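Okay, structure first, notes after.
Every chain is numbered from 1, with letters handed out A, B, ... down the list of sequences. This one's a predicted model, so the numbers in the text were calculated from it and none came from an experiment.
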Amino acid sequence: MAEPDLRLEKLVGVLRRRGVILPAFEIHGGVAGLYDFGPVGGRLRNRVNQVWLEHWLKLGNVVELSCPTITPYPVLSASGHVGEFSDFLTTCGQCQVSLRADSLLQESHSNPDSLTAVELESEIAARNPQCPDCGATEWTSVTSQSLMFNTIIGGGKSGREGFLRPETAQGMFTNFPSLYRHFRQRLPFGAVQVGKGYRNEISPRQGMIRLREFNMAELEYFIDPEVEPMHDFSQWENLPLNLISNRDDELSQSIPDALSAGVIRHATVAYFMAQTYDFLVAVGIDANRLRFRQHKESEMAHYASDCWDVEILGSYGWVECVGIAHRGCFDLEAHELATGHRLRAWRQWPQAVEVDKEILTIDGAKAGPAFRDRAGLVKDALEALEQIPTEFPLELTLSSGEVVTVESEHVKRQRIQQTVNGEWFLPHVVEPAFGIDRIIWHIIDHAWCEIEKEGQDYSVMRLAPDIAPIDVAVLPLFEKDGMGKMAEGLNRTICSTKGLFSYYDGSGSIGRRYARADEVGVPWCVTIDHQSLKDGTATIRQRDGQQQIRHPLDEISELISGGMVGKLFS
RNA sequence: GCGGAUAUAGUGAAGUGGUUAUCACCUGAGGUUUCCAACCUCAUAUCGUGGGUUCAACUCCCGCUAUCCGCACCA
């Protein structure tokens with residue numbers, strides 16, 4: 001490859017100059033990790049989002065949600081983000097290595113994870129732990145490295161702590177009851193959301209690759225773990241893909257083959273991998289620069305049973321752009337535990353079961369005064385006991401973690417006789433999560449090429465017509481004799497056609513204007529010339545291949561919006 | 001967050017302690033031109049930002065911000 005760094009520099013220059021992607025707030029000095037999609041990029045982003053949405057909605061049992069980005073503290077505490085996303089760091093005064101402050105106290109403190117920044121700092125000062133790298137005992141002050149943006153919801157004393165969401169998923173989990181009702185209590189179903197996520201990265205790098213505010217698109221697909229998933233893989237049977245298993249085996253195998261070989265562990269994960277492949281190729285990712293990499297046991301969250309990343313090769317090497325994870329019931333269970341709201345689906349058994357058993361429950365008159373506000377928890381814990389205990393007093397662990405002493409006078413036996421028709425269970429979730437900015441970056445990276453044209457470097461963005469931000473450039477050969485007027489009229493017609501967008505360009509030579517259009521990936525140029533004035537036809541030029549055909553003006557917008565124009569060139 | 005380098009027009013670069021800061025491409029206006037970056041004329045910058053040194057700072061010094069490269073962090 002010839003000077004990849006130079007290519008990257010040139011590409012970044014093109015994107016800035018033409019208003020595709022540029023640093024945000026640049027006139028104020030800019031902010032690391034924040035980028036604008038400019039006059040051309042804005043519509044590009046929108047179209048990629050749109051194609052993504054349509055791709056998943058066509059599954060037929062998927063709906064779109066839109067949830068707030070401002071998220072109250074308890075939601076992200078329940079989901080585990082508060083713990084996961086904030087670390088306390090300190091730096092060695094000698095060798096400058098940065099470490100998690102709690103890891104320094106692992107030896108000397110029973111639970112360093114629970115300490116606040118101030119406590120960590122005084123503990124470190126008191127115990128003088130050695131730097132594992134250089135052995136020094138000087139440490140800088142402890143700083144919090146929360147990766148979430150904090151905010152206060154509301155003002156004054158009533159203000160509640162909150163965050164800007166680090167992912168869109170939580171809103172879809174908290175909406176489970178509404179989704180369940182919408183789908184008339186029948187699994188499987190899914191919810192998608194396209195929107196912004198925020199992570200206060202310590203050092204954003206590599207342009208669009210690591211951002212502080214980013215566009216993401218996620219699908220949460222809820223399934224019954226006891227029902228064998230039914231997916232039609234016929235479309236992908238003879239399509240070998242690049243797979244790297246968690247044992248680092250590099251395979252070239254079709255998705256259904258990898259599934260039956262047990263490399264991919266779950267059919268729904270496999271199905272979404274195949275769908276993801278189709279989406280990425282449809283928006284212009286080069287299939288040869290795309291691979292699936294399975295997470296190793298060690299890098300997978302404990303609750304996940306299988307997880308695959310899609311990595312795309314571009315100017316920054318292989319970059320993770322999509323994660324497809326089987327999350328088990330982790331998320332719904334976490335929110336259920338935190339809120340007490342049932343986030344379950346009903347499974348009807350084929351045969352009703354008659355239950356006739358004895359359980360232990362509280363004797364309200366005695367246990368009520370004894371346990372007061374915990375009486376309900378005591379009741380739940382007692383009724384959940386598999387075996388009826390015979391010895392009292394009994395040490396009973398409540399769901400809150402608290403242990404209480406139960407005397408025999410607090411309890412009574414109760415006979416249960418009922419018919420049970422089914423059970424409530426926690427659905428499992430398979431989640432494909434897409435980093436839209438990273439995907440857009442790679443679409444551009446793969447689409448942009450410099451070719452030699454008459455001895456000059458010539459820059460072309462070979463964007464797929466479905467996502468090209470500008471569908472048509474309307475060009476009068478000259479801006480005189482009414483050609484300019486005619487072209488302006490056509491431009492308005494195209495812009496008012498649903499789904500189409502065009503621009504008018506009358507300045508410079510015709511070749512220069514074709515070049516300008518090619519550089520931002522306009523697939524079609526329509527040129528009005530002298531003949532157009534006479535017979536109402538114009539030439540349509542194809543970006544890739546640079547061929548031209550002549551066609552009646554009044555059919556052009558229909559031809560392009562119907563996606564039929566490409567056929568004229570074959 | 002640490003260390004190093006860098007910051008001049010839309011893009012890419014040159015240059016200087018002292019009147020109007022160069023160059024190429026791009027962009028705009030006018031001319032010319034019957035389809036692929038042609039040509040001619042003209043136009044477009046308070047030299048990242050705040051402070052200091054100086055009679056005078058784009059130029060020297062310091063802080064900040066951003067970018068790039070290592071390290072660390074993150075996925």
Side-chain angles (χ1 to χ4, degrees), chain A residues 5-6 8-19 22-34 38 84-87 89-100 133 140-147 166-167 197 199-207 209-212 214 216 293 295 299-301 307 309 311 318-323 325 433 435 438 453-460 475-481 483 505-519 525-533 538-543 545-548 550:
Chain A
D5 288 351
L6 189 65
L8 182 57
E9 259 172 52
K10 280 182 163 179
L11 175 54
V12 169
V14 168
L15 297 177
R16 274 179 170 229
R17 183 159 42 79
R18 300 305 307 274
L22 45 165
F25 312 119
E26 209 182 6
I27 62 169
H28 286 278
V31 182
L34 300 182
E84 283 285 309
F85 275 63
S86 42
D87 287 339
L89 292 192
T90 182
T91 302
C92 172
Q94 196 81 45
C95 69
Q96 309 297 351
V97 67
S98 278
L99 293 167
R100 278 176 57 170
D133 282 15
T140 62
S141 58
V142 172
T143 51
S144 167
Q145 295 288 353
S146 174
L147 280 174
E167 57 171 37
R199 291 185 193 179
N200 200 359
E201 295 286 354
I202 297 166
S203 76
R205 288 276 171 87
Q206 301 178 305
I209 301 299
R210 208 194 303 177
L211 298 173
R212 290 194 165 124
F214 46 92
M216 58 197 319
R293 197 179 64 80
H295 278 209
E299 64 183 321
M300 203 154 55
C307 187
D309 285 342
E311 298 180 331
W318 287 100
V319 173
E320 172 200 335
C321 295
V322 184
R438 289 181 175 189
K453 192 168 170 182
E454 284 157 31
Q456 283 195 56
D457 284 343
Y458 191 90
S459 159
V460 192
L475 320 171
L477 192 55
F478 304 106
E479 274 185 313
K480 60 179 188 187
D481 303 336
M483 285 182 271
D505 185 1
S507 74
S509 74
I510 191 71
R512 176 178 297 266
R513 286 178 273 156
Y514 287 145
R516 281 201 279 248
D518 286 346
E519 194 172 50
C525 292
V526 176
T527 305
I528 304 292
D529 57 14
H530 295 86
Q531 196 181 330
S532 311
L533 299 170
T539 59
I540 306 175
R541 170 188 181 269
Q542 185 189 34
R543 178 195 63 211
Q546 307 179 2
Q547 296 153 305
Q548 300 193 140
R550 185 164 276 280

Take A:Glu320 and A:Arg293, measure what salt bridge (Lys or Arg N to Asp or Glu O under 4.0 Å) needs, and give me the verdict at the end. CA-CA 9 Å; A:Glu320 172 200 335; A:Arg293 197 179 64 80; 6.0 Å; no
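- Atom CG in A:Leu6 sits roughly 13 Å away from atom C1' in B:U11 (whole-Å rounding).
- For RNA chain B, if you chain together Watson-Crick or G-U pairs that step i with j, i+1 with j-1 and so on, the runs of at least three with distances under 3.5 Å are B:1-7 with B:65-71, B:10-13 with B:22-25, B:27-31 with B:39-43, B:48-52 with B:60-64.
- One distance of note links CZ of A:Arg16 with CG of A:Leu11; it measures 12.5 Å at 0.5 Å rounding.
- Rounded to a whole angstrom, the distance from the P atom of B:U32 to that of B:U41 is 16 Å.
- We find that CZ of A:Arg199 is positioned 12 Å from P of B:C74, with the value rounded to whole Å.
- The P atoms of B:A14 and B:C60 are separated by 15 Å, rounded to the nearest whole Å.
- Rounded to the nearest 0.5 Å, atoms CD (A:Gln548) and OG1 (A:Thr527) are 6.0 Å apart.
- For the atom pair A:Glu479 CD and A:Met483 CE, the distance stands at 10.0 Å (nearest 0.5 Å).
- Separating the C1' atom of B:C64 from that of B:C26 is a span of 32 Å, rounded to the nearest Å.
- Annotation: side chain of A:Ser507 is in contact with side chain of A:Asp505 (closest heavy-atom distance under 4.5 Å).
- Distance A:Met483 CE to B:U34 P: 10 Å, rounded to the nearest Å.
- A gap of 12 Å separates the P atoms of B:A5 and B:G63, to the nearest Å.
- Between B:U53 and B:G3, the two P atoms lie 27 Å apart (nearest whole Å).
- Between A:Leu8 atom CG and B:C69 atom C1' the separation is 13 Å, expressed in whole Å.
- Whole-Å rounding puts the A:Leu211 CG to B:A75 P distance at 15 Å.
- Annotation: of the two residues near RNA chain B, A:Ser507 and A:Arg205, the 5′-most nearest-nucleotide partner is A:Ser507.
- B:A75 atom C1' lies 6 Å from atom CZ of A:Arg438, rounded to whole Å.
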Assess the residue pair A:Glu519 and A:Val14 against the criterion (side chain to side chain contact (heavy atoms under 4.5 Å, CB included)); give the C-alpha distance rounded to whole Å, side-chain angles, the decisive distance to 0.1 Å, and a yes or no. CA-CA 8 Å; A:Glu519 194 172 50; A:Val14 168; 3.8 Å; yes
Reading nucleotides 35-49 of chain B 5' to 3', which nucleotides get B (base under 4.0 Å from a protein heavy atom), which S (sugar-phosphate only), which -? BBBB-----------
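- A distance of about 33 Å separates the C1' atoms of B:C23 and B:C55, rounded to the whole Å.
- Here the CZ atom belonging to A:Arg17 is positioned 13.0 Å from the CG atom belonging to A:Leu22, to the nearest 0.5 angstrom.
- Position along RNA chain B of the nearest nucleotide to A:Pro23 versus A:Arg16 favours A:Arg16 as the more 5'-ward residue.
- Between the C1' atom of B:U34 and the CD atom of A:Glu479 lies a distance of 16 Å, rounded to the nearest Å.
- Checked by atom type and distance alone, the side chain of A:Asp309 never pairs as donor or acceptor with a backbone atom of A:Glu311 at under 3.5 Å.
- A gap of 31 Å separates the P atoms of B:U67 and B:C25, to the nearest Å.
- The residue A:Val14 sits apart from the nucleic acid: no heavy atom pair falls under 4.0 Å.
- Only the P atoms considered, B:G70 is 34 Å distant from B:U46, to the nearest whole Å.
- Both tests hold for A:Arg541 against A:Tyr514: distance to the six-membered ring centre under 6.0 Å, angle to the ring axis within 45°.
- Contacts of A:Gly207 with the nucleic acid, taken as non-hydrogen atoms under 4.0 Å apart, involve only primed sugar atoms and P, OP1 or OP2.
- Of the possible donor and acceptor atoms, one in the side chain of A:Arg513 sits under 3.5 Å from a partner among the backbone N and O of A:Leu477.
- For A:Arg210 and B:C73, a side-chain-to-base donor-acceptor distance below 3.5 Å is present, hydrogens and geometry of angles not being considered.
- Counting to the nearest Å, the P atom of B:A72 and the CG atom of A:Leu147 are 17 Å from each other.
- Taking the side chain as every heavy atom from C-beta outward, A:Ile209 and A:Arg438 approach each other to under 4.5 Å.
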